[in-house]
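Quick notes on the structure that follows.
Naming convention: chains lettered A, B, ... in sequence-line order (proteins, then strands); numbering from 1 in each chain. Predicted model, so just to flag it, every value in this text is computed and none were measured.
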Amino acid sequence: MSEVEEDKNWLTILAPRILKAALWGFIMGGEILIPLYLMPDLVSQIETSMPAAGTGLPTIAAIFVAFEVAIQLFDRTIFRYALSISRTMVSMILFIIFTNGGIIEVLVPPNGLPSEAGSLQILVDFSTILAALLVFSLLSIVKNILQAVDFLSQKVEEPIIPPELP
Amino acid sequence: MRQSIRVLGWTITIASLLTFAFLGLSIYSLFQLVMEQGIAAGESSVNISNGDYVISLPFLVNNTSYFDITKLEITTIIKDPEGGVISQSTTSSGIIPSGSSTNISHYISIDLNKMIEKNLTDANILMDTIMDLRYANIIGFSVTMANVSIPWDASISPRETFSVSTNRDGAPFSFGNKTNIGAQLLLHDQFRVFEVNSCPR
């Protein structure tokens, strides 16, 4: 096979993957970035109430877009499943950090209150629900592992046809 | 095996969506309950009983939200201007089902002897109010209002409130009462009991 033909083969394999990765990256990033631009006030309120507000929502969006692009680029390989597992683990850690273990505390400064009132602190504890979501994430990791095992077993079962045979 | 993996994937997706939906709905419902004054304080009343200054705070809890309030606890801490605790009172309620309302009476008891010991004149005392509630058995919600300044009327202190003056023979002649409530002075010797009543000012 000439080099030109080989390059064309690589192009036919890579081009759809790159397009698919770009599309899925846009969809995944768009889900997080669209609220950032359409509702900046709500987002700034969420960022100030979250303890790790310094990292910011655009960083989370960038991380998820990077993972999705990589997963789509490595589609139909074992690396896709490894990247899916990594993405799930990173999302679990980010979720725990950003929600402070499922406890969100909002402090209203005294400026927003009448003069005789002190400070106002609101605390919402949804750690039970966070635990349930983490269990689902662990199940998602198990699912990816089973898919990887299934993928590898499929590869082993594929008949290998030597090129010289018709 | 692929079918099992597919079923597992769909189960995880549906369960996650339902969990997020429940979380969103319960937080929205809870904030609606608070914003629409589903928990409102009524008019307070004051009583002096056994040397304690007792403030009675009625609360009306009207649970118009979608889920039950599993537990509601109101705690008040009274502190002197330096932050020392004078008294702490807690009132708990049982389950308040969705669509129902209940009345809760919260009593704040201040030991007048302690107030005398602290020698507070017309100063401000500080009050911390903490409201804890457990919503839908799962979500905990707490509102704390700290260091609310309350003016303290020194005329409540018995030392400056009640005065007894006597005549030359030592028998009580008059009994003064600077409080807003009625007071009774009982004097007794070996044989007799004198009762002197004083009306509110």
Side-chain angles (χ1 to χ4, degrees), chain A residues 31 35 42 45-46 49 81 84-85 88 91-92 95 99-110 112-154 156-157, chain B residues 1-31 33-35 67 70-71 76-77 79 81 83 124-151:
Chain A
E31 282 173 2
L42 176 65
Q45 274 184 357
I46 292 170
S49 66
Y81 304 105
S84 289
I85 292 170
T88 308
S91 67
M92 283 168 71
F95 208 39
T99 59
N100 195 26
I103 299 173
I104 294 175
E105 191 178 312
V106 178
L107 206 63
V108 178
L113 298 169
S115 58
E116 62 273 10
S119 59
L120 182 67
Q121 181 193 55
I122 299 171
L123 197 130
V124 180
D125 176 10
F126 60 97
S127 49
T128 313
I129 292 185
L130 176 65
L133 291 171
L134 292 176
V135 166
F136 297 146
S137 298
L138 288 173
L139 285 175
S140 180
I141 291 173
V142 167
K143 187 198 85 170
N144 280 306
I145 292 171
L146 290 174
Q147 280 178 324
V149 167
D150 181 56
F151 174 80
L152 287 172
S153 64
Q154 209 181 337
V156 167
E157 287 169 1
Chain B
M1 181 159 162
R2 269 182 228 152
Q3 292 298 326
S4 311
I5 295 169
R6 205 169 287 157
V7 167
L8 179 62
W10 278 109
T11 306
I12 293 167
T13 305
I14 291 169
S16 300
L17 287 173
L18 286 174
T19 305
F20 274 116
F22 170 74
L23 178 65
L25 185 65
S26 53
I27 290 182
Y28 167 77
S29 180
L30 183 60
F31 274 95
L33 175 73
V34 173
M35 293 304 161
F67 303 101
T70 316
K71 186 187 83 167
T76 46
I77 303 170
K79 302 184 289 192
N124 286 337
I125 56 175
L126 303 173
M127 182 170 82
D128 292 347
T129 307
I130 305 158
M131 186 182 72
D132 268 317
L133 66 90
R134 197 99 195 133
Y135 189 62
N137 274 314
I138 293 172
I139 298 174
F141 183 74
S142 172
V143 179
T144 303
M145 196 173 259
N147 297 326
V148 178
S149 187
I150 299 171

*How far does OG1 of A:Thr88 sit from CD1 of B:Ile12, to the nearest 0.5 angstrom?*
9.0 Å
_Nearest 0.5 angstrom please: A:Leu139 CG to B:Thr13 OG1, how far?_
11.0 Å
*Would you mind checking which part of B:Phe22 comes under 4.5 Å of any heavy atom in chain A, side chain (CB onward), backbone (N, CA, C, O), both or neither?*
side chain
_Among A:Val142, A:Val135, A:Ile129, A:Thr128, residue most engaged with chain B (heavy-atom pairs, under 4.5 Å)_ = A:Ile129
*asked:* For the CD1 atom of B:Ile5 and the CG atom of A:Asp150, what is their distance to the nearest 0.5 Å?
replied: 4.5 Å
*Side-chain touch A:Leu133/B:Thr19, heavy atoms, less than 4.5 angstrom*: yes
*A:Ile122, A:Leu123, A:Asp125 screened by side-chain contact (heavy atoms from CB on, under 4.5 Å) with B:Phe141, the one that passes*: A:Ile122
*asked:* For the CG atom of B:Leu17 and the CZ atom of A:Phe136, what is their distance to the nearest 0.5 Å?
replied: 10.0 Å
_Is it true that, when you exclude B:Lys71 itself, more than 12 heavy atoms of the residues, nucleotides or ligands shown sit nearer than 6.0 Å to its NZ?_
no
*Would you give the length of the straight line joining atom CD of A:Gln121 to atom CE of B:Met145, rounded to the nearest 0.5 angstrom?*
12.0 Å
